[in-house]
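Here it is: the structure, laid out below.
Residue numbering restarts at 1 for every chain, and letters A, B, ... go by the order of the sequence lines. Values below: every heavy atom of this structure, side chains too, minus hydrogens, waters and symmetry copies.
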Protein chains: 2
Amino acid sequence: MADTRRNSALRELTRQAVRARIAEAAMALFVANGYERTTVDHVAESVGMSARSVFRYFPTKEDMVVGHLDEVGVKIADALEARPTTESAWTAVRHALKHHIEELAADPETNLAIATMLIDAPSLLPALLAKQARWVDGLAPNLTQRLDGPLNLRPLKARAIAFAALACLNNAVDEWTRTGGAKPVGRTLDALIAAVRG
Amino acid sequence: MADTRRNSALRELTRQAVRARIAEAAMALFVANGYERTTVDHVAESVGMSARSVFRYFPTKEDMVVGHLDEVGVKIADALEARPTTESAWTAVRHALKHHIEELAADPETNLAIATMLIDAPSLLPALLAKQARWVDGLAPNLTQRLDGPLNLRPLKARAIAFAALACLNNAVDEWTRTGGAKPVGRTLDALIAAVRG
DNA sequence: GCAATGCGTGTCAGTGACTGACAAGTCCGT
DNA sequence: ACGGACTTGTCAGTCACTGACACGCATTGC
């Protein structure tokens, strides 16, 4: 009976499609002309809709860049859940991050372009860090179970480790970007984690 | 006499005084009415000047809150320089952070009020994290000298450790705020650092 | 003393990110 | 064909922020 459910599923599908289309166009403009110099009106025009409608798909301009990072965070969290419970917190996160790294390396060209754009868009750094801070919320619960010591401290420890691991990841990716994709992220990441634990 | 030197020094002095005055008034309004609900016009009116002039003292509204964090970062960096060169990177930062913690504990009332305001001002979290990211720039050079291993990796390692240490600090301070100042920050910080290295 | 200079400030106009409200159009099941 | 759910454009308005200009006040040079 052509229930409203199929209807809403379809709407959600097209909605996601439009969203992706906007994000793609926006990223292209940002990479080409720089983030700050590209106005939302430009993006809107390039997709053929009004700026008001663009804001119906993205809460902020920043979200056109960092919006997809939410699902990246979820993916990393999933990868973490998939690790055997016997693994220590650090080894588990390290492996969970590897998956994300492989995605980076899969399309180096695009990702390097994006990373380069981020560098001269200082207003995006805060947004980026804030997104990653939210990743910690997804990682901490699982990490908590891999820790010992006083119960009330474990969640805190888990968050600290998660942050530290992401800091290692960021620096490894930065180095990768700086060297134009030469240095493999995975190796650097391992070295940094070892240093932090040193 | 009345040389130009005294003159410009005096100007700088009054400038800093006005700046402090604005920051104070702004913080009072932010704590009382919330950051987002307080407009720059409100702040300007409360100090008796035009909004345009307020922006001559603070580059952004955020800076009225996090502006002083620049010098905090410098202080921590100085404290780090003061540690004996024989100390390992981790022990040196740990001690450097202790100084900052003491300042927090020195005026718990005000600092708790500020910390509480920050919680329901989501737009400030990114700015906060970005400021701390800049702290890393100040800490890394000294930490680099305390590391071994391949030369080209040391600066990267230093940054990772600095970030990790700040993550520990943040979580310790958060816990302190959450418990209304009950749990001493220093103890939690030590526990978290131990966990990260564990 | 008096003009010149420098600096702080207010005002005004303008941009860009965002929001609320309303009207018009489209798609869908009935 | 009708009604409702959903999408979109338009318009007006807020708020952070910026550049330009003019005024006033204090210090400086003569």
Side-chain angles (χ1 to χ4, degrees), chain A residues 1-23 25-26 29-30 33-67 121-127 130, chain B residues 1-23 25-26 29-30 33-67 121-127 130:
Chain A
M1 44 165 317
D3 50 351
T4 55
R5 224 179 296 135
R6 169 146 104 235
N7 198 315
S8 66
L10 195 129
R11 292 196 185 278
E12 185 59 21
L13 206 70
T14 65
R15 178 175 173 81
Q16 287 312 111
V18 175
R19 201 181 133 95
R21 185 189 150 85
I22 297 175
L29 288 177
F30 293 160
N33 311 331
Y35 176 77
E36 329 260 6
R37 280 187 301 272
T38 307
T39 87
V40 176
D41 279 331
H42 293 158
V43 176
E45 191 186 7
S46 128
V47 214
M49 52 196 316
S50 75
R52 186 66 181 91
S53 282
V54 170
F55 279 116
R56 286 178 176 123
Y57 289 90
F58 290 92
T60 67
K61 181 184 174 188
E62 282 172 355
D63 249 60
M64 299 174 203
V65 180
V66 300
S123 67
L124 279 179
L125 172 66
Chain B
M1 40 131 76
D3 51 350
T4 56
R5 223 179 296 134
R6 168 145 107 236
N7 197 316
S8 65
L10 195 134
R11 291 196 186 281
E12 185 59 21
L13 205 70
T14 63
R15 178 176 171 79
Q16 286 311 110
V18 175
R19 202 181 133 95
R21 185 188 149 87
I22 297 176
L29 287 177
F30 293 160
N33 312 331
Y35 176 77
E36 329 260 7
R37 280 187 301 273
T38 307
T39 86
V40 176
D41 279 331
H42 292 158
V43 177
E45 191 187 6
S46 128
V47 229
M49 52 198 316
S50 76
R52 187 65 182 90
S53 281
V54 169
F55 278 115
R56 287 178 176 122
Y57 288 89
F58 290 93
T60 68
K61 181 185 175 187
E62 282 172 355
D63 249 60
M64 299 175 203
V65 180
V66 301
S123 68
L124 280 179
L125 172 66

Please write out the pairs of protein N or O atoms and N or O atoms of nucleotides 8-12 of chain C separated by less than 3.5 Å, giving the distance to one decimal.
residue	atom	partner	partner atom	Å
C:dT9	OP1	B:Y57	OH	3.4
C:dT9	OP2	B:Y57	OH	2.7
C:dG10	OP1	B:S50	N	3.2
C:dG10	OP2	B:S50	N	3.0
C:dG10	OP2	B:S50	OG	2.8
C:dG10	OP2	B:S53	OG	2.6
C:dG10	N7	B:R56	NH1	3.2
C:dG10	O6	B:R56	NH2	2.6

Minimum heavy-atom distance A:Y35-A:K61, with the two atoms named: O-NZ, 3.1 Å
Rounded interatomic separation in angstrom, taking CZ from A:F30 and C1' from C:dG16: 13 Å
Between C:dA17 (C1') and B:E62 (CD): distance, integer Å: 14 Å
Between C:dC27 (P) and A:L13 (CG): distance, integer Å: 17 Å
side-chain hydrogen bond (donor to acceptor under 3.5 Å, both in side chains) partners of B:E45, counting only residues at least two apart: none
Rounded distance in Å - CZ (B:F58) to C1' (D:dC15): 19 Å
Integer-rounded Å distance: D:dC17 P and B:K61 NZ: 8 Å
Partners meeting side-chain hydrogen bond (donor to acceptor under 3.5 Å, both in side chains) with A:S123 (sequence neighbours left out): A:E36
Residues forming a side-chain hydrogen bond (donor to acceptor under 3.5 Å, both in side chains) with B:R21, sequence neighbours excluded: none
Heavy-atom side-chain proximity of A:I22 to A:M49 below 4.5 angstrom: yes
Taking every non-hydrogen atom, the tightest pair across B:T38 and B:L29: OG1-O, 3.6 Å
Under the side-chain hydrogen bond (donor to acceptor under 3.5 Å, both in side chains) test, residues paired with A:R15 that sit two or more places apart: none
Spacing between A:R19 atom CZ and D:dT7 atom P, to the nearest angstrom: 14 Å
Whole-Å distance separating the CD atom of A:E45 from the C1' atom of D:dT10: 17 Å
Heavy-atom closest contact (B:V18 atom, B:Y57 atom, distance): CG1-CZ, 3.5 Å
Sub-4.0 Å heavy-atom contacts from residues 36-44 of chain B onto DNA chain D, ordered by number: B:T38, B:T39, B:V40
